[in-house]
Amino acid sequence: MDLGTLANALILGVSIASIWLVAALGLTVIYGTAGVINMAHGELIMLGAYSTYMLQVYLGVPYLICIPASFVIVALVGLLLERGLIRYLYNRPLDTLLATCGVSLVLMQSVRLIFGSDPKYISVPEIFSSNIALGSVSISTFRVIILAVTALLVFGLWFLFYKTRFGVQVRAVMQNKEMAASFGINAGRVYMLTFSLGAGLAGVAGSLFGVLAIVLPTMGASYVVQSFLMVVVGGGSLAGSVAASAATGEMQSVLASFTNATLARFIIFVLIVVFLRFRPQGLFAQGGVRR
Amino acid sequence: MGNIYHDKKLQWLAYAVFFAAIGIVPLFVGDAFLLNQLATYGIYAMLALSISLCWGFGGILNLGQGISFGLGAYGMAMTMQMQTQTDSNPIPPFMLNNSLEHLPWFWEPFSSTAGGLIFAVAVPTFFCAVFGSIMFRARVSGVFFTIMTLAMLSAFYTIILDQQAYTGGANGLTPPASLQIGSFEIDPYSATAYWIVFALLCVATVLAKLLTQSSFGLVTQAIRDDAERVRFLGYNVAGYETAIYTISGMIAAIAGCCWVMLVQYVSPAQLDVSLSLSMVIWAAIGGRNSLLWAMIGAFLIQGGQSYLGDQFLSTWLLLLGGFFIVVVRFLPNGLASLAEAGLGWLSARLPSKSGRAIESVTAEEGA
């Protein structure tokens, strides 16, 4: 393998990492703060893609405005979900997992009933479908857009969690819910807002992935497992997910250039199992007590 | 008197009635296709049993049971495929289509029927033992273990789908003839096939039930309730968890073998997340803490899907998802807890009768 191929693989790896990261961001927020295992995450991504599709087709909204709009729509769905179901299950993690599995089934079937099983397409401005040449490497503009959006979201989340009053409250609840509550923080409200935020982030991911691939009711299923792996390997923190996505994205890309994408994915999954054998708490373990 | 739901003798009686009821089915069903379909329900029951054993009695929620099921099914399909290959034609046709010259090494053991059947069950069981011991010794438990099983399932799914030359890819394997043991051919549409599934289900259930009542079963139930406390008492928690996970996987592997025997077909769909999730849904709705109710859950849901769902499959799945959420939210032990409450109410209403029964027993002992 010569240097040029390796450079290609590394640059493509950054793009893959950004895709894996943007899929996992919402889950990181939800799992990291509330410890909720949200198996419906993939379907929230799918809802994001469908809301973008609907906004485009029925209202003619330009694509770039669809992205934040999907955030709002899916965040509202998340809000309903949290108020109607999740909040009763916070102290039963296995049951949250099961209930959200049920939710994912319901969401997938509802979308299938409404829109049918045939694929939908999201159109993007002409300029996004071109390619950018970086030396010897050519990469599609849209992948650069995904990278930019991901970077923006990570920065936004960092700012929200570490620089605002709300962020301090979230971190306090994360470390010790009872103690935070006795200092007058409304823990229920914090959980509600973070769940909704996580769902919204899934919506953004959906509106991006809808362009990258086709929009199908079943599209979410493929993202949920890899997102969970990113969160588990990272240990549930924002920095952890960024590091885990970067590492696995690069590995995926380099391994894929030796073999093929599917085999690379298999090897990575096995490596993650081995990794967790030695570091079950993930890359960056969180200090707080989770309840 | 306590709740008669917890009476061990009556529980065995209930199992006997249950198996008697499903055992006499071939005497009434003449339609071969219906009998074949009913036999596949026996396989669903076996899978629900394995989930209930692992999850209800071991506290290990396994969303990757499709690995054991699928590997067992592939093993059986490979065995049946090799039975139809002759010396002049030693390689399955799909391999020739993918321009393979020789039989891959991992297909070799499946050339003999006995070896194939052993490997079909041994390989998934061995996988469970290795994967389980890696995970449980690292004290990966609860939801993390569930996610890791899901990841492994997804890994196996992709690799089987990808390696078309060796596994048949998305088309899967379709052995052209039914299973032959010695000179005896097992017609999947015959009562014989039904009896084989029935007998295996029966044996698996009895062994599983005995296991849950043994001291081993008591320790796994204690681990389910509080693993840390059991560890402090000096038990090797990882060993117990690995054992129950492996036993459960073996039952699923046997179910996989039976599945291919009945339908003569296997594809990566058997390793799809949705099937593994269905198994958990059966056990959850029926009642994961009861082997019997988990199996009833499988019958109810798969039966409902076949008889109500063919035309309204999407609506049915929507209802099923909704029902599942309701059960998880309000009825964590499934329909079994309704039966438990009902029988508890009944036992409370009949104190005199049970009391008299005890009196008569003591009287006999006195006499």
- Here the pair of heavy atoms bringing T158(B) nearest to R265(A) is CG2-NE, 4.1 Å
- Item | Pairs of heavy atoms under 4.5 Å with chain B: top-ranked of V224(A), I272(A), V273(A), V103(A) | V273(A)
- Item | Side chain, backbone, both or neither of F131(B) within contact of chain A (heavy atoms, under 4.5 Å) | side chain
- Would M148(B) and L229(A) count as a side chain to side chain contact (heavy atoms under 4.5 Å, CB included) if you check the C-alpha gap in whole Å, the side-chain angles of each, and the deciding distance to 0.1 Å? CA-CA 8 Å; M148(B) 294 321 293; L229(A) 288 182; 4.2 Å; yes
- Closest approach of L105(A) and G321(B), non-hydrogen atoms and distance? CD2-CA, 3.8 Å
- Task: Examine whether an atom of L113(A) lies under 4.5 Å from a heavy atom of chain B, and if so say whether it belongs to the side chain, the backbone or both; otherwise answer neither.
- Result: side chain
- Look up atom SG in C101(A) and atom CG in L150(B), then write down how far apart they are to the nearest 0.5 Å. 8.0 Å
- Message: Counting heavy-atom pairs under 4.5 Å with chain B, which one of V106(A), T96(A), L276(A) comes out on top?
- Response: V106(A)
- Taking everything shown except R329(B) itself, do over 12 heavy atoms lie less than 6.0 Å from its CZ? yes
- Item | Over 12 foreign heavy atoms within 6.0 Å of CZ, F115(A) | yes
- Query: Is there a side chain to side chain contact (heavy atoms under 4.5 Å, CB included) between M39(A) and L63(B) once you walk through the steps?
  - Reply: CA-CA 12 Å; M39(A) 295 295 288; L63(B) 268 178; 4.1 Å; yes
- I147(B) side chain near V231(A) side chain, heavy-atom distance below 4.5 Å: no
- Item | Which atoms of V140(B) approach chain A - backbone, side chain, both or neither, heavy atom under 4.5 Å | side chain
- Item | Interface residue of largest heavy-atom contact number with chain B, from T100(A), I268(A), I37(A), under 4.5 Å | I37(A)
- Task: For atom CZ of R83(A), decide whether the heavy atoms of other residues, nucleotides or ligands shown that lie under 6.0 angstrom number more than 12.
- Result: yes
- Message: Under 4.5 Å from any heavy atom of chain A, what part of V326(B) do you find: side chain, backbone, both or neither?
- Response: neither
- Note on the structure: Taking every heavy atom of F266(A) against every heavy atom of A155(B), the minimum-distance pair comes out as CD1-O, 3.3 Å
- Message: Please check if the number of heavy atoms outside F127(B) that lie under 6.0 Å from its CZ is greater than 12.
- Response: yes
- Message: Around atom CZ of R87(A), are there more than 12 heavy atoms from other residues, nucleotides or ligands closer than 6.0 Å?
- Response: yes
- Message: Return the CZ to CD1 distance between F269(A) and I159(B), rounded to the nearest 0.5 Å.
- Response: 11.5 Å
- L161(B) vs T262(A), side chain to side chain contact (heavy atoms under 4.5 Å, CB included): CA-CA, chis, key distance, verdict: CA-CA 9 Å; L161(B) 197 64; T262(A) 325; over 6 Å; no
- Message: Could you report the tightest heavy-atom contact between F324(B) and G102(A), atom names first, then the distance?
- Response: CD2-CA, 3.7 Å
- Between A138(B) and R277(A), which heavy-atom pair has the shortest distance, and what is it? CB-O, 3.3 Å
- Task: Please check if atom OH in Y235(B) has more than 12 non-hydrogen atoms from other residues, nucleotides or ligands closer than 6.0 Å.
- Result: no
- Query: Out of curiosity, L317(B) CG to Q109(A) CD, how far, rounded to the nearest 0.5 Å?
  - Reply: 4.5 Å
- Measure L277(B) against the heavy atoms of chain A and call it side chain, backbone, both or neither at under 4.5 Å. side chain
- Message: Shorter than 4.5 Å, heavy atoms on both sides: which option in L107(A), L97(A), V274(A) has the most such pairs with chain B?
- Response: L97(A)
- Contact origin within L61(B) toward chain A - heavy atom pairs under 4.5 Å: side chain
- Separation between OH of Y88(A) and CZ of F330(B), rounded to the nearest 0.5 Å: 7.5 Å
- How close do I325(B) and A99(A) get, heavy atom to heavy atom, and via which atoms? CG1-O, 3.8 Å
